[in-house]
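Both backbone and side-chain heavy atoms feed into the values below; hydrogens, waters and symmetry mates do not. Every chain is numbered from 1, with letters handed out A, B, ... down the list of sequences.
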Amino acid sequence: MSWLTEFVRPKIRTLLGRKDVPENLWHQCPACQQMIFQRDLEANLKVCMHCGHHMRATARERLNWTFDEGAYTLIDMPRVPQDPLRFRDQKRYSDRLKEARDKTKLDDAILVAHGQIGGHKAVVAAMDFNFMAGSMGAAVGEGIVAAARLAVLQKAPFIIYTSSGGARMQEGAISLMQMPRSIIATQMVKEAGLPFLVVLTDPTTGGVTASFAMLGDIQIAEPGALIGFAGARVIEQTVREKLPEGFQRSEYLYEHGIVDMIVNRAEMRATITRLIDMLVPPPAVVTEPPAPPPAANELATV
Amino acid sequence: MRNFLDFEKPLAELESKIDELRRMPGPEGLSIADEVSRLSEKADRQLRTLYAKLTPWQKTQVARHPDRPRALAYIAGLITDFMPLGGDRAFAEDAAIVGGLGRFRERPVMVLGTEKGTDTESRIKHNFGSARPEGYRKVRRLMELAGRYHLPILSFIDTSGAYPGIDAEARGQAEAIARSIEAGLAAPVPFVATVIGEGGSGGAIALGAADRVLMLEHSIYSVISPEGCASILWRDAASASVAAEALRLTADDLRRFDLVDAVIPEPLGGAHRAPDVMIASVGDALETALAPLLGQAPEALKARRREKFLAMGREGLS
């Protein structure tokens, strides 16, 4: 113990009263270790103002930051069987689900909403890593299918923020089947001629990357995000080599041609808006019928 | 020399005793013959009881049995005039994926498979059945080729999973698998997949988004290996047998959840004890699965395939 903790802190504590100092008033940046005032951090979209490190965000925050004026309507998630395998490891899966729900106030690891982005209708899905590591089971798969159906119905682009450790083991092969199921969702959107934009955030791995998350018309990544198929430990054990610096980070993926762009969180909304502006034609424009082709003799005289 | 699994030990002892007796010369040949037939019957009974109630972990071991017939064995036994096709046209040929044109009961088809190899040399050549991105890109290319020429697709799945390597990640392993699943879903032709051994996660479903998915009786199909699951959830890879149980990865489990369409019975003691019998019954099962798909309009096929996958997992174990 230093003189600081022994002498100064008790004094401050008595001065302010213990209850007036919430635990999360200050936040330490995991990258640069600097202390940041929580309110400033939130105002800065959870990006460290000292080093630019992008911290993980909740699904709610993603939606708040993406839609015009932070206004959107959440859609009800389709019901799926809870704990279809009656899975139990050291804990019951049903208990894990309950804990995750209590902790996050979410039903599962995804939220789907519709609203406007830059004046365009849009459907946005956001995954939440706090809910069982954002793992994809039937609920997440069903959420993606529902989002795609909504996008097709509304003729709106579909944007998804990914954040996931992969498939949800506790649902066995049912979670594996969410890979083709979520891919079908992307096909529905694309066949309707609507843009499908993927924003890869930290971390996105496993069965989620190997399905819908790699099939965006445009692949965007947040800086420094861990994005890959296999886990670093598994790779290290397999190849018995040290992994290269920055392996499976957004910048590495960009260098290897796997993502289109790396976008800072502060510019994410504007970037998505610009993309939609260019990919979605304005609805009211009536194109003039093309001029009749010039007659052959006219061509000859030119 | 036959390879025995751990749980087959008592059987292994019996069978080696039988072998010994058979080789024994002697005047009292008759009594030896009696003894041999007595022991053979006993071995047969033991095999029958053992295989009648294999645990999921035992099935996992049978599915990975070193002598189990591999994709190339099914191709050799069921496909005539096979012409292997190679390469992804971008980076390399990946021998973990075998594929090409051939005839299944006279009809031209596109064949695909993950190949584990049968001995040390071929296992290395085929990278133990674990493909890299170029392998899955070959799958996609051949599926698209099949679509253009109206060839039904037959796939044989046997892999512990996609290869987890630095090079594989650098070349977009995740994207390659995703595109391969996408190509299967979009194929305008009949597509039948058969899990012949290990159906390991993304590397398996890359060849498995089919109209009909068949599983051999002792094959497994899982989102993660029992060992991988145990080391994450039990923090101990030795709990693999418990994890195998919990994951519900057997053919019967997948059939019960309606995630696969049919289970093909194996010869007593597993496919490796009578490979020719196994291969022939896979042939018949493929014929049965393929027949109603032939002649369906491409759009109807695709729509039904989609509906089938979309309906999956909406029901739990009741």
**Prompt:** Just wondering, do V192(B) and D211(B) contact through their side chains at under 4.5 Å, heavy atoms?
**Reply:** no
**Message:** Please classify the contact between T209(A) and chain B as side chain, backbone, both or neither, with a heavy-atom cut-off of under 4.5 Å.
**Reply:** both
**Prompt:** Can you say whether E171(A) sits under 4.5 Å from chain B via the side chain, the backbone, both, or neither, judging by heavy atoms?
**Reply:** neither
**Asked** Do P152(B) and F191(B) come within less than 4.5 Å of each other through their side chains, counting heavy atoms only?
**Response** no
**Fill in**
So, the part of R96(A) with a heavy atom under 4.5 Å from chain B: the answer is side chain
**Message:** Is it true that Q187(A) and E182(B) share a donor-acceptor pair across their side chains at a distance under 3.5 Å?
**Reply:** no
**Item:** Proximity breakdown for L247(B) and chain A, heavy-atom pairs closer than 4.5 Å
**Value:** both
**Item:** Gap separating the CD1 atom of I235(A) from the CZ atom of R240(A), nearest 0.5 angstrom
**Value:** 14.0 Å
**Prompt:** Looking at S201(B), A209(B), G161(B), which one has more heavy-atom pairs under 4.5 Å with chain A than the rest?
**Reply:** S201(B)
**Toward chain B, the part of K242(A) with a non-hydrogen atom under 4.5 Å** = backbone
**Fill in**
Most contact-rich option vs chain A, by heavy-atom pairs under 4.5 angstrom, among E175(B), Q173(B), R306(B), is R306(B)
**Request:** Quick one: closest heavy-atom pair of S211(A) and S182(A), and the distance?
**Result:** OG-OG, 3.5 Å
**Message:** Is E142(A) close to chain B through its backbone or its side chain, or both, or neither, when contacts mean heavy atoms under 4.5 Å?
**Reply:** side chain
**Asked** If you count heavy-atom pairs under 4.5 Å with chain A, which of V242(B), I166(B), I205(B), I232(B) comes out on top?
**Response** I166(B)
**Residue part contacting chain B, namely of Y252(A), when any heavy atom lies under 4.5 Å** = side chain
**Request:** Taking atom types as modelled, find out whether T114(B) and T159(B) have a side-chain donor-acceptor pair closer than 3.5 angstrom.
**Result:** no
**Message:** For the interface with chain B, which of T205(A), L215(A), V239(A) has the highest count of heavy-atom pairs at distances below 4.5 Å?
**Reply:** L215(A)
**Item:** chain B interface, residue from M179(A), Q248(A), Q90(A) that has the most non-hydrogen pairs under 4.5 Å
**Value:** Q90(A)
**Prompt:** Are any of the side-chain nitrogens in D88(B) or R141(B) under 4.0 Å away from the carboxylate oxygens of its partner?
**Reply:** no
**Item:** Which portion of E241(A) sits near chain B, non-hydrogen atoms under 4.5 angstrom
**Value:** side chain
**Item:** Any F309(B) side-chain heavy atom under 4.5 Å of L185(B) side chain
**Value:** yes
**Request:** Heavy-atom distances under 4.5 Å only: say whether L233(B) touches chain A with side chain, backbone, both or neither.
**Result:** both
**Prompt:** Side chain, backbone, both or neither: which part of S222(B) has a non-hydrogen atom closer than 4.5 Å to chain A?
**Reply:** backbone
**Prompt:** Distance only, no hydrogens: is a donor on one side chain within 3.5 Å (strictly under) of an acceptor on the other, for S130(B) and N127(B)?
**Reply:** no
**Asked** Tell me, side chain or backbone of Y163(B) under 4.5 Å from chain A's heavy atoms, or both, or neither?
**Response** side chain
**Closest-packed option against chain B by number of heavy-atom pairs under 4.5 Å, given I183(A), V234(A), L253(A), T186(A)** = I183(A)
**Message:** We want to know whether R168(A) and Q178(A) form a side-chain donor-acceptor pair, criterion being a heavy-atom distance below 3.5 angstrom.
**Reply:** no
**Asked** Got P203(A) and R56(A) here, is their nearest side-chain heavy-atom distance under 4.5 Å?
**Response** yes
**Item:** S250(A) (side chain) donor-acceptor with A225(A) (main chain) under 3.5 angstrom
**Value:** yes
**Request:** Could you look at A176(B) and say if it's the side chain, the backbone, both or neither that has a heavy atom under 4.5 Å from chain A?
**Result:** neither
**Asked** For I258(A), is it the side chain, the backbone, both or neither that has a heavy atom under 4.5 Å from a heavy atom of chain B?
**Response** side chain
